[in-house]
Amino acid sequence: MSQATPSRSIWSNRWAFILVTIGSAVGLGNIWKFSYLAGASEGSVGVFIVVYLTCVALIGLPLLMAEILIGRRGRGNPVVAMLNTAEESENSSWWALLGWVGIFGALMILSYYSVVSGWMVDYFWQSLMKGIQVDTPEKASAAFNAMMTDPWRLIRWHTVFMILVTAVIARGVIGGIEAANRIMLPLLFLILVLLTLWGAVAGDMPAALRFMFNLKPEAIKPGVVIDGMGHAFFSLSLGMGAIMAYGSYLDKQTNIGHTCVWIALAGVFIGLLSGAAIFSLTFGYGLAPAAGPGLILQTLPLAFTHMPGGRVVAVFFFLLVIFAAWTSAISLLEPFVSWLTERYGIRRTRAAWATALPVWLLGVAVCLSFNRWSEFTILDRNLFNVLDHFATRFMMPLSGLAIAIYVGWRLGKVIVVDEIRLKQRVFCLWFNVLRFVVPVGITLVFLYELVLREKLG
């Protein structure tokens with residue numbers, strides 16, 4: 001039996017939906033994680049980027065459309081949307097488990113995503129209060145390491161960030177989520193453009209572009225290919241229930257295919273733009289591009305120290321990165337909050353804070369995994385790396401596989417055509433890619449992770 005849902009909010013217009021979905025997709029994944037993953041694949045960065053772009057086109061975009069389709073057709077949180085569409089298409093109610101996987105996957109990701117976002121809050125506060133004076137690569141690395149070894153400092157800013165996220169969710173869909181994205185995303189884009197221009201003037205942009213786009217076939221490694229595919233999922237917020245939840249607030253008139261193209265292009269563009277800006281400064285100031293997760297916090301402070309008015313630029317930049325992380329994190333908390341309010345009639349404010357508490361606690365454990373609990377590892381990984389590895393390389397791809405099978409093979413072509421509304425040739429191309437290319441690609445990735453990674457590297 002279909003699940004009744006209370007009267008649901010609807011995004012103000014198509015562009016509001018595009019903006020909030022870009023906000024979900026374009027966060028730290030396209031600024032922080034893109035840069036450090038690309039840097040970590042030194043020698044095969046071009047391969048990583050080509051794989052990433054290919055996976056966005058052949059896997060990310062089709063799945064993005066499929067998730068929005070389910071959300072809009074089901075008109076509910078991910079669990080209810082799966083139940084409603086399953087009933088309409090005469091499928092088993094067990095498909096609702098896919099909604100649960102997305103919801104809990106999103107909360108797990110938020111627990112460590114909030115910790116990383118806390119790093120940005122920390123650097124923003126330092127820039128605002130006294131400025132970050134790190135005039136050598138050694139001082140930049142030392143400043144970052146000092147933060148990572150201080151558990152209370154990490155926990156404090158993780159807490160601040162979780163409060164910011166929860167406060168927006170508590171204000172609702174239009175007054176909270178949409179309003180935040182309308183202001184912050186255009187400003188983030190503006191500061192990235194300005195930073196890229198500064199990188200072209202003060203950094204080494206030619207070296208950055210060579211580093212990013214120099215293809216070396218001999219440098220191709222299976223691990224780089226897998227990282228590129230995993231990042232395609234992460235950078236579009238796929239397999240986490242977030243896009244499905246946002247799709248449930250979408251009006252019937254909006255064309256899903258056209259809208260998703262804008263979202264994917266924005267995510268790719270901002271990822272490449274941030275990479276060019278950060279790597280130009282990396283090479284310009286003699287830093288190693290393979291600095292890992294701390295790359296953005298070891299490179300940019302150097303640039304800000306040396307540029308005229310750098311303290312003001314630093315404050316503005318870190319504030320806007322916080323906003324990018326903020327809008328993305330909001331989408332991770334929304335699915336479960338939506339489920340609580342629809343299932344039990346709990347006020348949104350209570351549901352938001354009740355959901356945030358266990359996520360915050362897991363985030364505290366992640367903070368401690370960098371210092372007090374650093375000796376506790378699982379398969380030679382600390383808790384941060386375990387959660388990130390499991391989410392981006394297993395949970396999200398497998399969730400994406402299930403979504404592709406459900407929409408491509410189980411939901412029914414009549415329902416899919418009614419929601420997607422593309423020209424016949426374009427629809428057939430998208431539908432066949434979703435049915436055949438996406439499942440095969442994800443299956444190969446999963447088998448590699450399960451069996452071959454240790455052998456092939």
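This one's a predicted model, so the numbers in the text were calculated from it and none came from an experiment.
- The shortest side-chain heavy-atom distance between Ile330 and Ile169 falls under the 4.5 Å cut-off.
- Rounded to the nearest 0.5 Å, atoms NZ (Lys413) and CD1 (Ile420) are 12.5 Å apart.
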* **Criterion side-chain contact (heavy atoms from CB on, under 4.5 Å) on Val50 and Thr54, from CA distance to verdict** => CA-CA 6 Å; Val50 168; Thr54 302; 4.1 Å; yes

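- Listed here is the closest heavy atom pair of Leu434 and Pro62: CD1-O, 3.9 Å.
- For the pair Phe17 and Asp251, the minimum side-chain heavy-atom distance is 4.5 Å or more.
- Screening Ile177, Thr21, Ile18 for a side-chain contact (heavy atoms from CB on, under 4.5 Å) with Trp11, the sole residue that qualifies is Ile177.
- Across Ala352 and Val337, no two heavy atoms sit closer than the pair CA-CG2, 3.7 Å.
- The distance from the CG atom of Leu387 to the OG atom of Ser369 is 8.0 Å, given to the nearest 0.5 Å.
- Judged purely by atom type and a 3.5 angstrom limit, Asp122 has no side-chain atom pairing as donor or acceptor with the backbone of Gly118.
- In this structure, the ring of Trp326 has its center no less than 6.0 angstrom from the ring center of Phe161.
- Considering all non-hydrogen atoms of both residues, Ile132 and Pro301 come closest at CG2-CB, 4.0 Å.
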* Could you go step by step and tell me if Leu110 and Met162 meet the side-chain contact (heavy atoms from CB on, under 4.5 Å) rule? -> CA-CA 9 Å; Leu110 180 57; Met162 281 299 302; 4.2 Å; yes

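- Considering Tyr123, Phe124, Trp119, Phe323 in turn, Tyr123 is the only one that fulfils the ring-ring contact (aromatic ring centres under 6.0 Å, His included) rule with Phe318.
- Residues satisfying the salt bridge (Lys or Arg N to Asp or Glu O under 4.0 Å) criterion with Glu419, sequence neighbours excluded, are Arg72, Arg73, Lys252.
- Ser399 is listed as a side-chain neighbour of Leu98, based on a closest heavy-atom distance under 4.5 Å.
- Results of the side chain to side chain donor-acceptor pair (under 3.5 Å) test with Trp360 over Thr166, Thr159, Thr355 single out Thr159 as the only residue that passes.
- Phe427 CZ: more than 12 foreign heavy atoms inside a 6.0 Å radius.
- Pairs of residues two or more places apart, or lying in two chains, never qualify as side-chain hydrogen bond (donor to acceptor under 3.5 Å, both in side chains) while including a residue from residues 188-198.
- Rounding to the nearest 0.5 Å places CZ of Arg14 at 7.0 Å from CG of Asn255.
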Side-chain atoms of residues 239-246: list all donor-acceptor pairs with protein atoms under 3.5 Å, sequence neighbours left out, distances to 0.1 Å.
none

* **Pair Leu63-Ile442, side-chain contact (heavy atoms from CB on, under 4.5 Å): steps then yes or no** => CA-CA 11 Å; Leu63 281 176; Ile442 295 176; 4.2 Å; yes

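- Considering all non-hydrogen atoms of both residues, Asn13 and Trp15 come closest at OD1-N, 3.1 Å.
- Side chains of Ser111 and Val359 form a contact here, defined as non-hydrogen atoms less than 4.5 Å apart.
- No side-chain N or O of Asn84 forms a donor-acceptor pair with one of Glu88 less than 3.5 Å apart.
- Counted by atom type alone, Asp388 and Asn385 present zero donor-acceptor pairs between their side chains at under 3.5 Å.
- Within the 4.5 Å cutoff, side-chain heavy atoms of Leu297 are placed close to those of Met147.
- Pairing each heavy atom of Val268 with each of Leu53, the nearest pair is CG1-CD2, 3.3 Å.
- Side-chain contact between Ile163 and Trp353 is present, with at least one heavy-atom pair separated by less than 4.5 Å.
- Distance alone, capped at 3.5 Å, places no donor-acceptor pair between the Arg381 side chain and the Val386 backbone.
- Side-chain contact check for Trp430 versus Val433: every heavy-atom pair is 4.5 Å or farther apart.
- Distance check, rounded to the nearest 0.5 Å: OG of Ser248 to CD of Glu334 gives 7.5 Å.
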* Asked: Stepwise, does the side-chain contact (heavy atoms from CB on, under 4.5 Å) test hold for Leu69 with Leu411?
  -> CA-CA 11 Å; Leu69 182 160; Leu411 190 56; 3.4 Å; yes

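- Within the 4.5 Å cutoff, no side-chain heavy atoms of Val165 are placed close to those of Ser114.
- The heavy-atom pair separating Ala276 from Ala208 by the smallest distance is O-CB, 4.0 Å.
- Residue pairs meeting the salt bridge (Lys or Arg N to Asp or Glu O under 4.0 Å) criterion with at least one member in residues 161-181, sequence neighbours excluded, are Glu178-Arg182.
- Taking the salt bridge (Lys or Arg N to Asp or Glu O under 4.0 Å) definition, one finds that Arg156 meets it with nothing, sequence neighbours left out.
- Here the CZ atom belonging to Phe384 is positioned 11.5 Å from the OH atom belonging to Tyr113, to the nearest 0.5 angstrom.
- One finds the CD1 atom of Ile10 at 7.5 Å from the CG atom of Leu250 (value rounded to the nearest 0.5 Å).
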Can you give each donor-acceptor pair under 3.5 Å made by side-chain atoms of residues 309-317, sequence neighbours left out, with the distance rounded to 0.1 Å?
{"from": "Arg311", "atom 1": "NE", "to": "Ser127", "atom 2": "O", "distance (Å)": "3.1"}
{"from": "Arg311", "atom 1": "NH2", "to": "Leu128", "atom 2": "O", "distance (Å)": "2.9"}
{"from": "Arg311", "atom 1": "NH2", "to": "Met129", "atom 2": "O", "distance (Å)": "3.0"}

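- A ring-ring contact (aromatic ring centres under 6.0 Å, His included) with Trp95 is found for exactly one of Trp409, Tyr406, Trp100, namely Tyr406.
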